[in-house]
Colleague: 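Have a look at this one.
Here is how names work: the chains are called A, B, and so on, in the same order as the sequence lines, proteins then strands, and each is numbered from 1.
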There are 2 protein chains.
Amino acid sequence: MILRIQHDGPVPIYEQIVAQVVYRVAAGAAAPGTNIPSIRDTAKQVLVNPNTVARAYQELERQGVVVARRGMGMEVAPDAVARCRELRLDLVRQRLETALREAVASGLSLPDIRRLVDEALVAINHRPRTKEKN
Amino acid sequence: MILRIQHDGPVPIYEQIVAQVVYRVAAGAAAPGTNIPSIRDTAKQVLVNPNTVARAYQELERQGVVVARRGMGMEVAPDAVARCRELRLDLVRQRLETALREAVASGLSLPDIRRLVDEALVAINHRPRTKEKN
DNA sequence: TACAGTGTATTAGCATGCTAGAACAGTATC
DNA sequence: GATACTGTTCTAGCATGCTAATACACTGTA
C-alpha cells in the first residue's frame, strides 16, 4: 500500500494518511484480516516521524477500520469495508456540501452552480492529479 | 450593508468579510461611487478589532474592489461589479474543484458524485443557513 | 485652529494544532 | 533469555497565522 502525501499544503499529513487508507479499504485494496504496513514502515515510506503515522492509525482504530495489537501490527477489521464505504461517503458529502453552501451563499444561480460543477468534473478527468490506483 | 460573521469556526473573520463584500457588490447591493461602511463602523457592527476589518479592506483594495482615501472612507471602484462577479466565480470554482477532486480521488464513481451533488443542493435549499439577502 | 471622523503602520500576544524526540510496553522468534 | 519487531505514551518544540493594542497620518467641517 503506497501512500502519496503532500508535505506542504494546508491539510495535515495524518489526515491525508487516514483518508487514503479509508479510500483503499473502501476500494477493496486491503482485505479484512490482513495487516496494514507498520507504523515505522509507513513512516519511512512517507518520510515522516512515526508519531505522525501513529496518530493517523489511532484515528483509524477509533473509527473501527483497524484493530491494533501490540507487537503484532494493525489488522484490518472484519467489517472495515462497509465502514470505510460509509466513512468515504460521509467525508465526501460533507466537503461537497460545504463548497455548495458557499456557492449558494455567493448569490450564484443554481444553473450557474451546476455548470461550474460540470466544468470542474471534465477538467479533473482531463488532467487528474490523483486518480485512484489501487 | 450588514455582515453575518461566524466568530468561531475555522475560516478567519477577515476572509469572511472580504467574501461577503465581494458577494454584495457582485449582486449590485453596493453601487460604484458609494462608500462602504468605515473600518470602525464595521468593527463595531461585527464586534471585532478595527485592525481585522482593515486587513479585509486592504485585501479588497488590492483586488481593485474599492479605493481607499484617507479621511474620506473607501469607495466602491468604478468597475467593481464586473471584478466582483469574476472574483466570485473564481472563488466558488476553486472551492468546488477542490471538493470534487477529493471526491474523484476517493474512488467514488461519477454517477455517485453527481448524486451527492444533487442531494446536497436540495438539502441546502430546504434549510438554507445563508441565503443571499441584499 | 480644533475636532472628529477617516485609513495606515508596527508590534506583540496568543491560540491552535501539527510534528518530533525519546522512553516505555507488549509479542514473536531464535 | 536475547533480539527485533510491533504499538503506546508523554512531553516539548515550533511554525502558522489570526487578532488586538497603540500610535500615527490624512481630510472635511465648524
Colleague: Rounded to whole angstrom units, what separation is found between the CG atom of A:L47 and the C1' atom of C:dT19?
Modeller: 14 Å

Colleague: Give the rounded distance in Å between these two atoms: CD1 of B:I13 and P of D:dG17.
Modeller: 17 Å

Colleague: Decide yes or no on side-chain contact (heavy atoms from CB on, under 4.5 Å) for A:L108 and A:L116, but give the supporting numbers first.
Modeller: CA-CA 10 Å; A:L108 283 175; A:L116 284 176; 4.0 Å; yes

Colleague: Name the residue closer to the 5' end of DNA chain C, choosing between B:S38 and A:H7 according to the nucleotide with the nearest heavy atom.
Modeller: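 Its nearest nucleotide lies further toward 5', so the answer is B:S38.
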
Colleague: Over all strands shown, is B:Y14 touching base, sugar-phosphate only, or nothing at heavy-atom distances under 4.0 angstrom?
Modeller: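 B:Y14: backbone/sugar contact only, no base atoms under 4.0 Å.
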
Colleague: What is the distance from CZ of B:R40 to C1' of D:dA25, rounded to the nearest Å?
Modeller: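 Between C1' of D:dA25 and CZ of B:R40: 11 Å.
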
Colleague: When rounded to the nearest 0.5 angstrom, what distance separates CD1 in A:I17 from CG in A:L60?
Modeller: 9.0 Å

Colleague: State whether B:R114 and A:D118 are salt-bridged, where the test is any N-O pair (Lys NZ or Arg NE/NH1/NH2 against Asp/Glu carboxylate O) under 4.0 Å.
Modeller: yes

Colleague: Does A:R55 make a side-chain N or O approach to OP1 or OP2 of C:dC18 shorter than 4.0 Å?
Modeller: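 Answer yes for this pair, as a side-chain N or O of A:R55 is under 4.0 Å from OP1 or OP2.
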
Colleague: Rounding to a whole Å, what distance do you find between B:N35:CG and D:dT27:C1'?
Modeller: 13 Å

Colleague: Is there a donor and acceptor pair closer than 3.5 Å between the side chain of B:N51 and the base of C:dA9?
Modeller: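 Per atom types, the contact qualifies.
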
Colleague: Among C:dG21, D:dA20, C:dT8, which is the nearest nucleotide to the side chain of A:N49?
Modeller: C:dG21

Colleague: Only one of B:I113, B:L110, B:L100 passes side-chain contact (heavy atoms from CB on, under 4.5 Å) with A:I124; say which it is.
Modeller: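 The option that passes is B:L100.
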
Colleague: Need to verify one output field. Residue with the more 5' nearest nucleotide on DNA chain C, A:T52 or B:P37?
Modeller: B:P37

Colleague: For B:D8 and C:dT16, give me the distance from atom CG to atom P, rounded to whole Å.
Modeller: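 Value for this atom pair: 12 Å.
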
Colleague: Over how many whole Å does the gap from A:E59 atom CD to C:dG17 atom P extend?
Modeller: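 Distance, rounded to whole Å: 14 Å.
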
Colleague: Describe the nucleic acid contact of A:D41 in one word from base, sugar-phosphate, nothing, applying a heavy-atom distance below 4.0 Å.
Modeller: sugar-phosphate

Colleague: For A:V53 and A:Y14, run side-chain contact (heavy atoms from CB on, under 4.5 Å): C-alpha distance rounded to whole Å, both residues' side-chain angles, the deciding distance at 0.1 Å, then the answer.
Modeller: CA-CA 6 Å; A:V53 181; A:Y14 85 95; over 6 Å; no

Colleague: Rounded to whole Å, please give me the gap between CD in B:E61 and P in C:dT6.
Modeller: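 Going from CD in B:E61 over to P in C:dT6 covers 17 Å.
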
Colleague: Can you pull out the residues from residues 63-77 of chain B that lie within a 4.0 Å heavy-atom distance of DNA chain C?
Modeller: B:A68, B:R70, B:G71, B:G73, B:M74

Colleague: Supply the atom-to-atom distance B:Q94 CD to A:E102 CD, rounded to the nearest 0.5 angstrom.
Modeller: 10.5 Å

Colleague: So among B:E59, B:E61, B:E75, which one has a side-chain contact (heavy atoms from CB on, under 4.5 Å) with B:V66?
Modeller: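 Of the listed residues B:E59, B:E61, B:E75, the side-chain contact (heavy atoms from CB on, under 4.5 Å) partner of B:V66 is B:E61.
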
Colleague: Please give, in whole Å, the distance from D:dA4 C1' to A:I39 CD1?
Modeller: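 Taking atom C1' of D:dA4 as the reference, CD1 of A:I39 is at 16 Å.
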
